[in-house]
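Just so you know, residue 1 is the first one in the sequence shown, and it goes up from there.
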Amino acid sequence: MEAVPPLFCFGVIADIQYADAEDGYDFAGRRRRYYRHSLSLLRAAVEAWATEKPPLAFVLQLGDSIDGLNARSGQSERALEQVLAALGRLPVPVHHAWGNHELYNFSRARLVHTGLNSRSCGAAAGAPAGDCQAYHFSPAARFRVVVLDGYDLSTLGREPGNPRYQESLRLLRKKNPNDNLNDPTGLKEPQFVEFNGGFSQAQLDWFNEVLKFSDENQEKVIVTGHLPIHPDASDWVCFAWNYRDALSVIHAHQCVVCFLAGHLHDGGYCLDSHGVHHLTLEGIIETPPESNAFGTIYVYKDKMILKGRGRVSDRVMHF
């Protein structure tokens, strides 16, 4: 690293999707998924992070920690225990985004009572009302991290009688007339599939207030969530339903330097028109056993340096 020490550094990992199951394939039947081995790769990441100098301030787990297969085999609780036990070997906080696979395994009401509820770790400040899992924390002077809830608008993880479920289903059916709501075929806005989600207006209003505070206090802000919010940092489907609304909030402020996401197992990157870096991390689940996919980000006053491992490339992001 640089001669000048970083202000802080943190680990990033995405889409572990662990299941005690034989290797399988994605929904298209083309891409291999290493369900059982993903836990070994996570443990290797934890071991590597434990030797970091300077030590990590925290780790971001960007969602989809266990795979939906666990729900079908009745192994959801056991699989989550194993993933959290591996991460629990770290001597620093782990901040969890919730992804679609968490919501295939558990209701939102249940997730609140698991180790994936980072809002309860004491670092959370001023979270939105209701069951929205967005929150923020400050790892160093003049830096803030905001964790967004990309499934705040979603049919996943809620009972059909829930008003937010009804609102989400109406929006999804309006945008997606296909019989299978996970099918993007023929859609003008192909992100409107059930395995994606969106941000409620209440969350966006809260987000705007957090960024206003950071502007006023001359803070730099790192935003994170499971779903990418820029199509150029993803493929043609895997990003938030109302990504434009989230981008509009970010672009109305000066403070945001980076958006970190998972969900797209291939990863992605772009620098947007307002100078915000959008980094989508490669997924552990589609990483062969002989490789890995995680990184450490070193934060300086004018840049972030990503030291990638395996499929994750090194990158310097100036701001």
Enquirer: Tell me if a side-chain donor or acceptor on Gln166 pairs with a main-chain N or O of Pro160 at a distance below 3.5 Å.
Expert: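 Judged by distance alone, yes, a pair lies under 3.5 Å.
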Enquirer: Does a sphere of radius 6.0 Å around CD in Glu290 hold more than 12 heavy atoms from other residues, nucleotides or ligands, not counting ones at 6.0 Å or beyond?
Expert: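 Count over threshold, so yes.
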Enquirer: Is Gln254 atom CD crowded by more than 12 heavy atoms from other residues, nucleotides or ligands, each under 6.0 Å away?
Expert: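 Not more than 12 within 6.0 Å, no.
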Enquirer: For the residue pair Val237 and Asp235, what are the closest heavy atoms and their distance?
Expert: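 In this case the closest contact between Val237 and Asp235 is N-OD1, 2.9 Å.
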Enquirer: With no hydrogens and no angle check, is any side-chain donor or acceptor of Asp64 less than 3.5 Å from a backbone partner on His101?
Expert: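 Confirmed, Asp64 side chain pairs with His101 backbone.
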Enquirer: Going only through I, L, V, M, F, W and Y residues with side-chain contacts under 4.5 Å, is there a path from Val112 to Tyr104?
Expert: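 They do share one cluster, since a chain of ILVMFWY contacts under 4.5 Å joins Val112 to Tyr104.
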Enquirer: Hey, can you tell me if Phe58 and His95 have their rings parallel, tilted or perpendicular (30° and 60° cut-offs)?
Expert: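 Judged by the thresholds at 30° and 60°, the geometry between Phe58 and His95 is perpendicular.
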Enquirer: Going from OH on Tyr35 to CD1 on Ile285, what distance comes out if it is rounded to the nearest 0.5 angstrom?
Expert: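 The OH atom of Tyr35 sits 5.5 Å away from the CD1 atom of Ile285.
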Enquirer: Start with the C-alpha gap between Arg110 and Glu77, add the side-chain angles, then the distance that decides, and say whether salt bridge (charged side-chain N to carboxylate O under 4.0 Å, His left out) holds.
Expert: CA-CA 11 Å; Arg110 174 72 188 102; Glu77 298 279 358; 3.1 Å; yes
Enquirer: Applying side chain to side chain donor-acceptor pair (under 3.5 Å), run through Glu52 and Tyr298 and close with a yes or a no.
Expert: CA-CA 11 Å; Glu52 285 281 358; Tyr298 302 84; 2.6 Å; yes
Enquirer: Does the distance from a Lys or Arg side-chain N to an Asp or Glu carboxylate O, for Arg309 and Glu47, drop under 4.0 Å?
Expert: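 Not counted as a salt bridge, because no side-chain N and carboxylate O are separated by less than 4.0 Å.
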Enquirer: For His265 and Asp26, does a side-chain donor sit closer than 3.5 Å to a side-chain acceptor?
Expert: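 No, because no side-chain N or O of His265 sits under 3.5 Å from a partner of the opposite role on Asp26.
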Enquirer: If I take atom CG from residue Asn70 and atom CD from residue Glu102, how far apart are they, to the nearest 0.5 angstrom?
Expert: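 Rounded to the nearest 0.5 Å, the CG-CD separation comes to 11.0 Å.
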Enquirer: Will you find, in the side chains of His263 and Asn196, an N or O donor that is under 3.5 Å from an N or O acceptor?
Expert: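 Short answer, yes.
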Enquirer: Is any side-chain N of the basic residue among Asp20 and Arg36 closer than 4.0 Å to the acidic one's carboxylate O?
Expert: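 Answer for the salt bridge query: yes.
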Enquirer: Any chance you could measure Cys255, atom SG, to Leu211, atom CG, to the nearest 0.5 Å?
Expert: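 Going from SG on Cys255 over to CG on Leu211, the span is 4.5 Å.
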Enquirer: Do Arg33 and Tyr25 have side-chain N/O donor and acceptor atoms under 3.5 Å apart?
Expert: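 Checked: Arg33/Tyr25 side chains show no N/O donor-acceptor pair below 3.5 Å.
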Enquirer: Could Asp149 and Arg119 be called an ion pair, given the rule that one side-chain N must be under 4.0 Å from one carboxylate O?
Expert: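 No.
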Enquirer: To the nearest 0.5 Å, how far apart are CH2 in Trp206 and NE2 in His136?
Expert: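 Those atoms lie 5.5 Å apart.
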Enquirer: Let me know which of Val145, Val299, Ile222 forms a side-chain contact (heavy atoms from CB on, under 4.5 Å) with Pro139.
Expert: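 Answer to the side-chain contact (heavy atoms from CB on, under 4.5 Å) test with Pro139 among Val145, Val299, Ile222: Val145.
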Enquirer: Is the ring pair Trp241/Phe192 parallel, tilted or perpendicular, if the boundaries are 30 and 60 degrees?
Expert: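 Rings of Trp241 and Phe192: parallel, as their planes differ by under 30°.
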Enquirer: I'd like to check Pro289 versus Ser40 (side-chain heavy atoms, cut-off strictly below 4.5 Å). Are they in contact?
Expert: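 No - every pair of side-chain heavy atoms lies 4.5 Å or more apart.
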Enquirer: Check the angle between the aromatic planes of Phe143 and Phe319 and answer parallel, tilted or perpendicular using the 30° and 60° thresholds.
Expert: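 Taking Phe319 first and then Phe143, their aromatic rings stand perpendicular (interplane angle over 60°).
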Enquirer: Between Asn105, Val83, Leu84, Val94, which is the residue that forms a side-chain contact (heavy atoms from CB on, under 4.5 Å) with Ser65?
Expert: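 Among Asn105, Val83, Leu84, Val94, the one meeting side-chain contact (heavy atoms from CB on, under 4.5 Å) with Ser65 is Val83.
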